[in-house]
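We name chains A, B, ... by the order of the sequence lines, and we start the count at 1 in each one.
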Amino acid sequence: MAPGAEAAKNDFHWSELESADFREYIDRLRASGVPEKTIRDLIIADVGKLYRAKLAPFRPKPAAPTNFWENRNMFYSANPNLTPEQREQMKALQKEQKELVETLLGKDVYKEVARDSGAPDFVARQFGSIPEEKRSKVTELTSAYQQARSDIYAKTDGRIEPEDQAEIKTLQRKLRADLATVLTPQELEEYNLRSSDIANNMRFQLGPFEPNEQEFRAIYKYKQALEDVTPAGRGSGAVLGSDVIVGTTPADRQALLQTQKQLSDELAQALSPDRLKEFQMMDRSEFRMLFDAGVSKNDVFKVADMKQQAEDAVRKVRQDTTLAPEQRTQTLQDIRTATETELANLLGARRAKAYGGQGGFWIRNLAPTIPARRP
Amino acid sequence: MKSFTSILILSFGVNILLAGWWLKSRTVQSTPANLPVSIGSATQPAEATTIADNSPAPTGAQAHAQTGSTGWAGVWSDDAKELIRRLRAAGCPEETIQNLVLAEVNRRYQARVRDLWPDRYKEQTFWETQKRDAATSKKSRETMQQQRELEKEKSAELVSLLGVDPEKAQRQADGTDSLYDYRGRQLGFLPESKRDAVGKYLEGFEDKMQDFYERTRGLYDSEARAERRQLEAERLKGLAQYLTPQEIREYDLRNSQTATQLSFDLQGLSLNREQYEAIFDIRNKYGDSIYNYADSMDSAGGQKRVEETKKSMIADLASALGPEKAKEYERSQDYSYQQLSRMAKRYDLPADTAPKVYDYKQVAEETAKQVRENTTLTAEQRQTQLQQIRAETERTVKSTIGDQNYQRYLSQGGFWINNLAPTQRPPGAPGTAARSAVIIQR
C-alpha cells in the first residue's frame, strides 16, 4: 500500500477531538479510542504548558556567565531567588496544577503514570503503610520543615552557630510533635524508619554492617532516643564513651551519661554480642573511616582490639606511682611504638600512617609525639 | 440460549454506559471551582515532524462514536514515522504530536534505563543500606556512562522523528539548558569542532582518575599526591593531541586541580584576569609545599620549611600583584579572617571589621612570638607578658565586635586568641586534678 493510503481512507480529522474544555477534550479522546495512557500523556503535557507560563517567574534564573577568574565555589549559598511569599505562591500553583490533573484524570493518575514508566514506588518507600488520606498532610509538614531548615542554613553562609543548631533541633522536635498529631504512634515509627534524617543517615553510614529489619529498628530506636536526650549543638554520640559529652552542669552530664548507658544496655539486649560489637565499630568515626577506606571487617576488629589493649596498658602505666617520670615516658613510648608497628603489619605502612593522622588520633594519645630533632 | 447471550450483551452495554455516565459526572462534580478546565488555544497549526510507539492498538469498540470515522484506530501505527505522518495528515497540531511522541519515546528509554540499574528499580526495604565499596562505585560509573549514552541516543532519535528534541528545546526556552551541560561549561571556550573529541578524551581519562581516587580512599600522603600530579600531567599531555598550547593553557586555567582549589581559596577576593593568572602560576610553582601535611611534618625542619616556602610565595605574590593585593590575598587565606568576614556580614558589623581584627591578630601573634623567643625572660615573666598580650587582645577584639559576637568568634575562628597564652584556671578548678595525673614530664 502506498504511504498515506490508509490515512486517505480514514476520514478522521483531529479537529473532531479538539475542545477548549479539558473534560470535553478527554471525553472525545476516549470516545475516539485513544488509550488511557496516551490521554494521560496529552493532558498532563497540556496542563503543564498552562502552568509553565504561570510558574515562569518562580523558576531559578540561570546564572549569568562569569569569567573563569571570577568563579567561586561556595560551600553554602543562600537562595536569593525567591522570597518566602513567592515560594508560597509557587507551591500553591504547583498544588493547583496537580489537583487539576487529578480532577481531570482521577486521583490515581500519578500512580498510573509511575506504573507506566516502571519507576519504583517511591511513595511506598517514603510512607510505607501510612493511609493515603494522611500522606498529603505529612508531606506538607515535612516540606515546611525542610524549607525552614534550608532557611536556617542559608542565613548561616557556612558558619553555623550554636543557636543555629539549637534552632534546627527545635524544628526537628516540632516536626515530630506535628507528625504525631496526624499519625498513630505506630504509623509515625514506620514513617520515621523510612524517611527521617536519622534513618537516612543510618542507611548511608551502616553500609557494610547490612542490618536486618529487627536490627535496623533497634538501632533506629536507640539513635532516636539518644537524639532526644542530647542537648542541641552536641553530637548525639554513638556508643557510650565514644564521644565527649558536655552538658551544662556536672549533674546534667551525669544524668546524660546515665541515660546513655541505659540506652546502650537496651540496645545490647536487641543485638547479639557480635553484632553489637560490629555496630559499635561502624558507629564510631575512628573505625568507620577504616571501613570507608575498604579495610575488611576482620581487620577493623583487630584494630579495635589493639586500641583497647594499648589504652589499658597506658592507663596502668600512668597510674603506676612507682615509676620515675623518665621510666613512665619511656614505657608509654614503647607501647605507642609497638602499637604503630602492629598497625603497620596489619594495614600496611602507608594506610597505617594515614590512619594515625585521620581518625586514629588515639594512637597519638598513647604517648606524646617525640619532636623531630632540629638540625 | 441465543436470547440469554443477547441479554448478556445488552446488559454489558448498559453497564458500560452507566459506568461512563458515572465517571463523567464524578469528574465534573469534583472539579474545584477555582481550577481552569479550558485548554484555551494551547495547540498550534502543524509544521513538520515524526513519532514511535508500542502501545496496544485500540479495539474496534473504541472507534470514534460521534463522527463515525475510524478515529484513533485509523490513525494508529506501530511505526513511529508513519504514525506522525498520519497524525499530521489528520491535522493534529505539531505540539500535540510532540507531546505524544516524547511520552512514547520516554517510556521506551525509561525501560532501558531500568535495565541498566536493576538494584535501584527493585523493591527496596527500609533497612537496606547503601553500598559504597570500590566495585560498586566502579560499576555505578560505568552504568552512568551508559545512561549518558542512552540520553544522547534518545535526543538524537527525537530529533530524527520530530526535527527537534522537545525536552532540550524546553530547557533552552526556560534558560536552564546550561545546568545540564557540564561539558559545555567545561569546554565552552574551545572551538565547537574540538569539543566533542576533547570531551570524549576527558571522559576516558576520568576513569583513570576515579580509579586512582578509589585506590587511595582515605590516603592523602606524599605518594598519593605525587601520583595525582603525574596523572594530571598525563591528562594535559594527552590533550596536546587535540589542542594548541594556548588552548591547553586556557583549559588548565579553568579546569585543573589548582583552578578548582582557587575557586574555593579566593572567596571574597576580587581579581582581574592578570591577577588570577599570576596567583595561578605562583600556586602551581609552590604546589603542595605550602601545606602542613602530616607526612611533610615528620622530617626534621618540616614545619620550618613550610613556613619559609609560604614566605617565599608571599614575596612572589607581592612582586606580581603589588603589596596591597598580596596582603588582601594573604588575609583571604586565613581561616579566622574568613570566619570573621562571614560573621560581620551576618551580624551587620562594619565592613572594615574583619581586616581590622586581622591586623590585631598579626600584631598580637608577632609580639607573643617575640616574648616566647626572648631568652632573657624567666618562665614567670614570660607567662605574665603572654597573659598581658592575651588580655589586651581580648579587650580590643571585644570592643570591636561586641561581647556576644566575641563568644561566637571564639567558638569558630577566634582560637588564635587562646593560643596567645594558656588559659588560666583557678587552683582546684574542675579538670585540673584529672589532667595533672596524665601530664608527661619532659
Side-chain angles (χ1 to χ4, degrees), chain A residues 7 10-16 20-23 25 31-35 37-38 41-42 45-46 49 59 62 68-69 71-73 96 99-100 103 116-118 120 125 157-159 161 193-194 203-204 206-207 210-213 216 289 292-294 318 325 329 350 354 357 368 372-373 375, chain B residues 27 30-32 35 37-39 42 55 58 62-67 69-75 86 89-92 99-100 103 110-111 114 121 124 126-127 129-132 134 174-176 178 217-219 221 253-254 263-264 267 271 273 276 294 300-301 339 342 346 408 438 440-441:
Chain A
N10 182 13
D11 55 356
F12 165 76
H13 196 271
W14 192 268
S15 59
E16 295 165 21
D21 184 303
F22 268 120
R23 286 166 298 190
Y25 180 41
S32 179
V34 178
K37 72 174 177 189
T38 306
D41 296 338
L42 294 176
D46 274 350
K49 183 183 177 185
R59 248 193 305 277
F68 69 86
W69 58 89
N71 284 345
R72 302 288 182 267
N73 261 317
E96 191 182 295
E99 282 173 2
L100 176 57
T103 302
D116 264 0
S117 72
R125 279 189 195 176
D157 190 22
R159 205 193 130 86
E161 307 286 359
L193 282 165
R194 287 163 179 81
R203 277 184 285 274
F204 179 74
L206 296 180
E210 295 185 294
N212 62 29
E213 180 180 359
F216 193 94
M289 65 153 302
D292 288 344
R318 284 186 177 150
T329 305
R350 211 176 148 195
R373 193 174 152 268
Chain B
T27 308
S30 63
T31 306
L35 287 180
V37 288
S38 165
I39 300 176
S55 60
Q62 290 171 305
H64 200 276
Q66 289 178 342
T67 63
S69 76
T70 51
W72 183 257
V75 174
R86 290 183 190 180
C92 183
N99 290 340
L100 205 146
Q110 275 160 359
R114 270 200 314 276
Y121 284 86
Q124 256 180 14
F126 66 80
W127 57 92
T129 52
Q130 291 175 22
K131 288 193 173 61
R132 286 181 287 149
D174 292 346
T176 55
S178 61
R217 269 202 294 177
L219 291 174
D221 54 10
L253 283 167
R254 290 163 172 82
S263 73
F264 286 102
Q267 305 287 346
L271 301 168
R273 179 176 171 135
Y276 175 87
Q339 289 299 319
R342 288 198 175 112
R346 179 167 176 185
R408 290 182 175 125
V438 295
I440 310 299
Q441 300 292 320

* Choice from A:L193, A:D116, A:L206 maximising heavy atom contacts with chain B below 4.5 Å -> A:L193

* Distance from A:R350 atom CZ to B:D221 atom CG, nearest 0.5 Å? -> 4.0 Å

* Hey, which of A:G207, A:S15, A:G294, A:A293 has the most heavy atom pairs under 4.5 Å with chain B? -> A:G207

* Asked: Ignoring hydrogens and geometry, is there a side-chain-to-backbone donor-acceptor pair from B:R114 to A:S117 under 3.5 Å?
  -> yes

* Please report the shortest heavy-atom distance between A:P211 and B:W127, naming the atom on each side. => O-CD1, 3.4 Å

* **Greatest number of heavy atom pairs closer than 4.5 Å to chain A - which of B:K131, B:Q339, B:R346** => B:R346

* Asked: Is there a donor-acceptor pair under 3.5 Å between the side chain of A:S32 and the backbone N or O of B:G71?
  -> no

* Does the B:R273 side chain pair with the main chain of A:W69, one donor and one acceptor, at a distance under 3.5 Å? -> no

* **Separation of B:S263 OG from A:F68 CZ (nearest 0.5 Å)** => 12.5 Å

* Structure fact -> For A:D292 and B:R217 the tightest heavy-atom approach is O-NH1, 2.8 Å

* Heavy-atom check, side chain of B:L100 versus side chain of A:D41, under 4.5 Å -> no

